[in-house]
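So the structure is just underneath, and the comments pick up after that.
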Amino acid sequence: MLQCQALMMYEGLMNTQKKLIAGNWKMNGNLADAKALAEALGSPTQADVCVCPPYLHLGVVASAKSVAIALGAQDCSLKDNGAFTGEISAPMLKDAGCAYVILGHSERRQYHAESNAQVAEKAKKAHAADLVTIICVGETEAERVSGIQNKIVTTQLAESIPSTANAQNLVIAYEPVWAIGTGKTATLDDIKDMHAVIRGFLKEKLDNSDSIRILYGGSVKADNAKEILAAPNVDGALVGGASLKADQFLTIINAA
Ligand code: PGA
C-alpha cells in the first residue's frame, strides 16, 4: 500500500538536469589502456560524464581526458591520513583531480564486508574533501525473490547516507546485485518501481531532493541504455563492463 502511494507520488517526476553517465572501470587494464580509453572518449556534451579508473590510473586519465569528463574513484578510506597501509584517502583523491567517488559498491560490500555504517563514514570523509559521492544500493537475487527488495534498499539508504549529504554532493546508484556483470538487466518496471521508492525516500530526508540524481546500474549496454535512461526517475547510469569500450560507452552517453 505504502509502496503504491510512493509510486503514484513520484512516478511523474522528471529531472531536468543532464543525465550523469559514470563509467566504473573496476580493476581492469593497464596505464596504456587507461590513457587510450580516456582519449577516445573525446569531449561528450550530451550528458555529464565521469570515469572511475583504478587508483593507479587516475593520474594518467586526469592528463589524457578532456575537461568535459570528470574523474572519479571507486572507493576511499575511512581515514584522512596516517598509518593505514594500502589505503587511499578522500583528500588524496581530491588532490589527484577527482570530483566523484563511488562508495558502497556491492563488490565492496560483498568482498570487503563493507557495512552501511562504514559507507556513511567514508561518505562523510568524501564530503569533507568536497567530493560528490555516488552511493550504491541494491538487493541480492534472494532478497528480490523474497519480495523484500524495497526494505533492503531503503535500509541501505537510511544507514549509508550521512548527515553531511545534500543535493549537491549526493548521487545514488541503484544496482541490483543480480544484474551486475551478469547480462541480466532489471525489467523496466523493476527499475521504475525502485527508482520511485528511492525518490520518495530522498524527498522525505533531504532538501531539494528532486535534483539528486538516481543512476541505474547493472548490465547497462549500448543496446538497452536508451529505454533505461528514458524511464522516470532514472537520471543516469553507472556502467561497468560497457564503459571499458569507448564505442559502447559513447553510445550509452549519446542515448542520454
Ligand atoms: P556492469 O557493472 O555494467 O558490468 O553490470 C555495473 C557496476 O558494477 O557498476
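In listed order, ligands and their atoms are each counted from 1. The figures here come from the full heavy-atom set of this structure, side chains too, leaving out hydrogens, waters and symmetry mates.
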Test: salt bridge (charged side-chain N to carboxylate O under 4.0 Å, His left out). Region: residues 24-35. Which pairs qualify, not counting sequence neighbours? Lys26-Glu107, Lys35-Glu39
When rounded to the nearest 0.5 angstrom, what is the spacing between CD1 in Ile198 and CD1 in Ile172? 7.0 Å
Counting only heavy atoms not in Ile148 (residues, nucleotides, ligands), do more than 12 fall under 6.0 Å from its CD1? yes
Would you mind telling me which of Val119, Ile134, Leu131 makes a side-chain contact (heavy atoms from CB on, under 4.5 Å) with Leu103? Val119
Under a 4.0 Å threshold between the charged nitrogen and the carboxylate oxygen, would Arg199 count as salt-bridged to Asp210? no
Within the heavy-atom cut-off of under 4.0 Å, ligand 1 is lined by Asn24, Lys26, His105, Glu175, Ala179, Ile180, Gly181, Gly218, Ser219, Leu238, Val239, Gly240, Gly241
Spatial distance of atom SG (Cys76) from atom NZ (Lys94) [nearest 0.5 Å]: 13.0 Å
